[in-house]
J.: 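Below is the structure I would like to discuss, written out as structure tokens.
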Amino acid sequence: MSYLHNPFTELDSKFKELFGETPEAIVRAPGRVNLIGEHTDYNDGFVFPAAIERSIWMAASPRNDGQIRAYALNFDQPSTFSLTNYEATQVPNEKWSNYLRAMIWVLQQEGYALSGMNVVTSGTVPIGSGLSSSASLLVAGGLIFSSLIGETLDPVRLALLAQRAEREFVGVNVGIMDQFISALGKRNHALFIDTRLLTFEAVPLPESGFQIVIADTNKKRGLVDSEYNTRRSECEQAVTLLKPALPDILALRDVSPEDFERHSHLLPEVVQNRARHIVTEDARVLESITALKASDLNRFGALMNASHESLKTDYQVSCAELDALVEASRTIEGVYGARMTGAGFGGCTVSLVADEAVERFQKEVPTLYRRATGLETTILITKAEQGAERLR
Ligand code: GLA
């Protein structure tokens with residue numbers, strides 16, 4: 001296994017210390033980086049993410065009293081609740097445990113008879129950096145609960161349950177990308193996902209030639225939840241306003257760039273800009289897959305760059321720190337393309353970097369970024385990792 005960090009020993013010993021036994025099940029669910037296709041997933045569109053070598057791990061054994069005794073190694077924090085009383089005990093400074101509660105809620109809604117459990121969690125996905133720490137927590141939670149009752153959830157179903165938990169329990173109206181890639185990711189591949197049909201194609205990422213380089217702005221994401229929900233309703237508004245001219249459309253995914261140009265005058269300016277981003281981003285994803293398959297990295301990188309400009313100007317989900325980091329990355333010779341990744345308003349950038357330029361990237365980008373913003377960046381180089389799995 002090539003995990004950056006394998007916390008088996010740590011989990012086993014903490015579990016033993018707390019509960020006096022060896023955990024019956026251990027699961028892992030990875031975070032993700034999206035290469036291209038941003039904010040398209042709640043418009044029935046296309047995305048192209050990869051699972052990363054950073055995961056949330058959970059080790060657990062069942063309890064027969066309906067209690068959940070949880071412990072988060074990252075925060076050295078315990079949390080106790082039960083299968084029947086988990087909502088009333090939500091604690092604001094225990095955000096991690098709310099995701100376990102969210103999975104209890106959704107699994108019970110779906111009729112699963114859950115078991116109580118002792119559980120220890122440990123994670124290497126940076127929190128709140130746009131690498132899907134929440135989706136990986138939810139997917140790992142779904143996997144551990146189902147493992148303990150002997151249920152094997154189909155990974156697409158697992159992703160859908162995790163998405164519903166985030167939408168209806170946590171309250172952010174997210175798309176399916178993060179949960180899907182966490183549940184279904186494939187080692188050394190990125191997944192070209194059709195978020196309407198929930199089908200995908202695993203596209204191989206070559207062993208050498210380029211590296212996926214993630215850089216964290218270390219700007220804590222503000223506003224993201226409310227702005228996210230606003231973007232979503234602006235997209236829905238665009239569909240409603242375009243429908244008289246294009247009666248067959250169900251979502252912006254159904255609007256071609258040509259149709260958009262013809263009818264965009266029907267939309268108020270802001271809504272028009274939002275819709276333009278989605279329509280052109282879907283087209284960029286399709287083209288980027290062709291480019292990657294043809295090993296045309298220059299084209300792939302140019303599409304990543306165009307994606308960032310569109311997210312910045314039309315969709316307005318970038319920020320000064322993301323723009324500065326993208327700009328710094330692009331000054332390095334051998335960087336094919338750089339863009340923000342994830343929901344935006346802070347978080348990380350992703351760059352496609354030629355092997356021989358990676359060292360220079362690591363050396364020079366932090367200085368350039370510091371000079372522009374006064375902040376430090378954290379650089380993370382990752383291979384595409386396998387999706388969620390039960391390891392014991
Ligand atoms: C967040 C959401 C995803 C997706 C991205 C933006 O990560 O969870 O569903 O919408 O933002 O592409």
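Read the numbers this way: they start at 1 and go in the same order the structure lists the ligands and their atoms.
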J.: Does NZ or CZ of R101 lie under 6.0 Å from the centre of the six-membered ring of F81, at an angle within 45° of the ring axis?
T.: yes

J.: For ligand 1 and G175, I'd like to know whether there is a polar contact (N/O to N/O, distance under 3.5 Å).
T.: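 It does: an N or O of G175 is found under 3.5 Å from an N or O of ligand 1.
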
J.: Near A343, which atoms of ligand 1 are under 4.0 Å from a heavy atom of that residue?
T.: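 Counting atoms of ligand 1 from 1, those under 4.0 Å from A343 are 1 (C), 11 (O).
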
J.: May I ask you to list the atoms of ligand 1 that are less than 4.0 angstrom from any heavy atom of E38?
T.: 6 (C), 12 (O)

J.: Evaluating non-hydrogen atoms only, which member of T195, D41, V47, I176 is closest to atom 3 (C) of ligand 1?
T.: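 Residue with the shortest heavy-atom distance to the ligand atom: D41.
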
J.: Check each atom of ligand 1 against the heavy atoms of Y42 and keep those under 4.0 Å away; list them by number with element.
T.: 10 (O)

J.: So, R69 and N118: side-chain donor and acceptor under 3.5 Å apart, yes or no?
T.: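 Result is no, nothing qualifies.
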
J.: Y112: which residues meet the ring pair (Phe, Tyr, Trp, His ring centres under 6.0 Å) condition with it, sequence neighbours left out?
T.: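 Testing Y112 for ring pair (Phe, Tyr, Trp, His ring centres under 6.0 Å), a comparison that skips the adjacent residues, returns none.
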
J.: Could you go through F345 and Y228, starting from their C-alpha distance and side-chain angles, then the distance that decides it, and tell me whether this counts as ring-ring contact (aromatic ring centres under 6.0 Å, His included)?
T.: CA-CA 10 Å; F345 299 101; Y228 189 93; 9.4 Å; no

J.: Among protein heavy atoms, which lies nearest atom 5 (C) of ligand 1, and at what distance?
T.: M177 CE, 3.8 Å

J.: Is any side-chain N of the basic residue among E110 and R164 closer than 4.0 Å to the acidic one's carboxylate O?
T.: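 Judged by the 4.0 Å cut-off on N to carboxylate O distance, E110 and R164 do form a salt bridge.
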
J.: So is Y228 polar-close to ligand 1, meaning N/O to N/O under 3.5 Å?
T.: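 Yes - when backbone and side-chain N and O of Y228 are compared with those of ligand 1, one distance drops under 3.5 Å.
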
J.: Would you call R284 and E281 a salt bridge, taking side-chain N to carboxylate O under 4.0 Å as the test?
T.: yes

J.: Answer yes or no: does an N/O atom from H39 fall short of 3.5 Å to an N/O atom of ligand 1?
T.: yes

J.: Name the option, out of V174, D178, T341, that contains the heavy atom nearest to atom 1 (C) of ligand 1.
T.: D178

J.: Does even one non-hydrogen atom of R232 get within less than 4.0 Å of ligand 1?
T.: no

J.: Tell me the ring-ring contact (aromatic ring centres under 6.0 Å, His included) pairs involving residues 179-209, sequence neighbours left out?
T.: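 Passing the test, one end in residues 179-209: F46-F192, F180-F200.
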
J.: By number and element, which atoms of ligand 1 are closer than 4.0 Å to a non-hydrogen atom of R32?
T.: 7 (O)

J.: Does the side chain of S318 pick up a donor-acceptor pair with the side chain of D323 at under 3.5 Å?
T.: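 There is such a pair (donor and acceptor under 3.5 Å, judged by atom type) between the side chains of S318 and D323.
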
J.: Taking non-hydrogen atoms only, is Q179 closer than 4.0 angstrom to ligand 1 via side chain, backbone, both or neither?
T.: neither

